[in-house]
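A quick note: this is a predicted structure, and the numbers were derived from the prediction, not measured.
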Amino acid sequence: MATMRISGDALAFEFEGLERLWLGRRALTVPLRSVRQVAYVERPLRLASGARRGLVVTGIAKMGVWGIFGGPRQLVYARHGMPGLHLRLDRSMVPGAFDEVVFATPDAARLVAAVQRRVADTGDRA
């Protein structure tokens with residue numbers, strides 16, 4: 001199962017097994033200073049839109065990169081019945097030039113609050 005943690009001044013996403021295949025990466029590190037907005041989402045499956053490279057099992061899971069021909073470029077890891085977080089980013093600061101990360105985790109509410117606090121702290125130092 002994929003994990004997300006806050007480490008120093010960054011968000012670290014790690015992917016295992018087949019997730020790596022569908023997402024095209026083992027990990028993604030997002031600098032906190034690149035986060036423009038973070039929100040809790042009850043149904044992250046609904047956020048992925050546009051052309052994609054990845055896995056879709058309708059109503060069950062989406063994993064991969066969306067928006068490959070236009071629109072926001074999204075790294076998506078979403079599963080049915082699991083809440084998530086939706087990050088809007090400054091793509092110039094993110095490896096892979098992602099505009100958004102959609103990430104499902106049972107811990108979404110706590111992680112959203114933690115990211116909001118850390119982003120506010122990062123902004124205070126700038």
Side-chain angles (χ1 to χ4, degrees):
M1 181 170 188
T3 59
M4 179 198 139
R5 61 185 164 75
I6 302 172
S7 177
D9 288 336
L11 305 175
F13 297 89
E14 295 181 12
F15 308 104
E16 297 180 353
L18 289 177
E19 297 163 356
R20 291 179 181 175
L21 173 70
W22 296 114
L23 292 162
R25 62 187 57 242
R26 174 178 302 214
L28 175 68
T29 301
V30 175
L32 284 169
R33 69 183 187 281
S34 73
V35 176
R36 298 298 172 242
Q37 184 179 18
V38 59
Y40 174 85
V41 289
E42 191 66 38
R43 295 184 180 126
L45 281 171
R46 294 182 176 187
L47 294 177
S49 61
R52 70 179 185 283
R53 183 194 79 235
L55 168 74
V56 174
V57 180
T58 303
I60 304 297
K62 292 181 180 178
M63 293 178 209
V65 177
W66 266 251
I68 58 174
F69 295 124
R73 185 171 164 87
Q74 302 171 304
L75 180 74
V76 177
Y77 173 79
R79 301 172 70 132
H80 173 72
M82 191 179 299
L85 49 95
H86 182 201
L87 296 165
R88 292 178 193 236
L89 309 167
D90 177 343
R91 79 183 287 163
S92 68
M93 294 185 214
V94 181
F98 292 107
D99 297 298
E100 301 178 5
V101 173
V102 176
F103 187 79
T105 176
D107 229 7
R110 184 188 64 78
L111 286 170
V112 166
V115 170
Q116 288 171 334
R117 280 191 306 276
R118 292 297 293 272
V119 167
D121 291 346
T122 301
D124 290 342
R125 285 183 274 163

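Taking all atoms of both residues into account, the shortest heavy-atom contact from Gly96 to Arg73 is O-NE, 3.0 Å. The two residues Val94 and Ser34 have their closest heavy-atom pair at CG2-OG, 3.7 Å. Scanning both residues, Thr29 and Pro95, for their nearest heavy atoms gives O-CD, 3.4 Å. Of all non-hydrogen atoms in Trp66 and Gly50, the two that sit nearest each other are CD1-O, 3.5 Å. Of all the heavy atoms in Gly54 and Trp22, the pair that sits closest is C-CE3, 3.7 Å. Considering all non-hydrogen atoms of both residues, Met63 and Leu23 come closest at C-CD2, 4.1 Å.
Within the 4.5 Å cutoff, no side-chain heavy atoms of Val65 are placed close to those of Val76. Between Leu75 and Phe15, some side-chain heavy-atom pair lies under the 4.5 Å cut-off. Looking at heavy atoms from C-beta onward, Val112 lies out of side-chain contact with His86 at the 4.5 angstrom threshold. Val119 places none of its side-chain heavy atoms less than 4.5 Å from the side chain of Val38. Side-chain contact between Glu100 and Leu89 is absent, with no heavy atoms from C-beta onward closer than 4.5 Å.
Linking Ile, Leu, Val, Met, Phe, Trp and Tyr whenever their side-chain heavy atoms come within less than 4.5 Å puts Leu28 and Val35 in one cluster. Met4 and Leu18 end up in the same hydrophobic cluster when Ile, Leu, Val, Met, Phe, Trp and Tyr side chains are linked at under 4.5 Å. Phe69 and Val102 are assigned to two separate hydrophobic clusters, defined by single-linkage of ILVMFWY side chains at heavy-atom distances under 4.5 Å. Put simply, Ile68 and Val101 are part of the same group of oily side chains (I, L, V, M, F, W, Y) that touch within less than 4.5 Å, one to the next.
No more than 12 heavy atoms of other residues, nucleotides or ligands shown are found within 6.0 angstrom of CZ on Arg43. Around the CZ atom of Arg33, the shell of radius 6.0 Å holds no more than 12 heavy atoms that belong to other residues, nucleotides or ligands.
Between atom CG of residue Leu85 and atom CZ of residue Arg110 there is a gap of 10.5 Å, rounded to the nearest 0.5 Å. Separating the OH atom in Tyr77 from the CE atom in Met82 is a distance of 5.5 Å, to the nearest 0.5 Å. Within the model, atoms CZ of Arg5 and CZ of Phe13 stand 11.0 Å from one another, a figure rounded to the nearest 0.5 Å. Atoms CZ and CZ, on Phe103 and Arg79 in that order, are 10.0 Å from each other to the nearest 0.5 Å. From Leu11, atom CG reaches atom CG of Leu87 across 6.0 Å, with rounding to the nearest 0.5 Å. One distance of note links CD of Glu14 with OG1 of Thr3; it measures 4.5 Å at 0.5 Å rounding.
Side chain of Lys62 to main chain of Ala78: no donor-acceptor pair is present (N/O by atom type, distance under 3.5 Å, no hydrogens or angles). Checking side-chain atoms of Gln74 against main-chain N and O of Leu47 turns up a donor-acceptor pair under 3.5 Å. A side-chain donor-acceptor contact under 3.5 Å links Arg91 to the backbone of Ala97.
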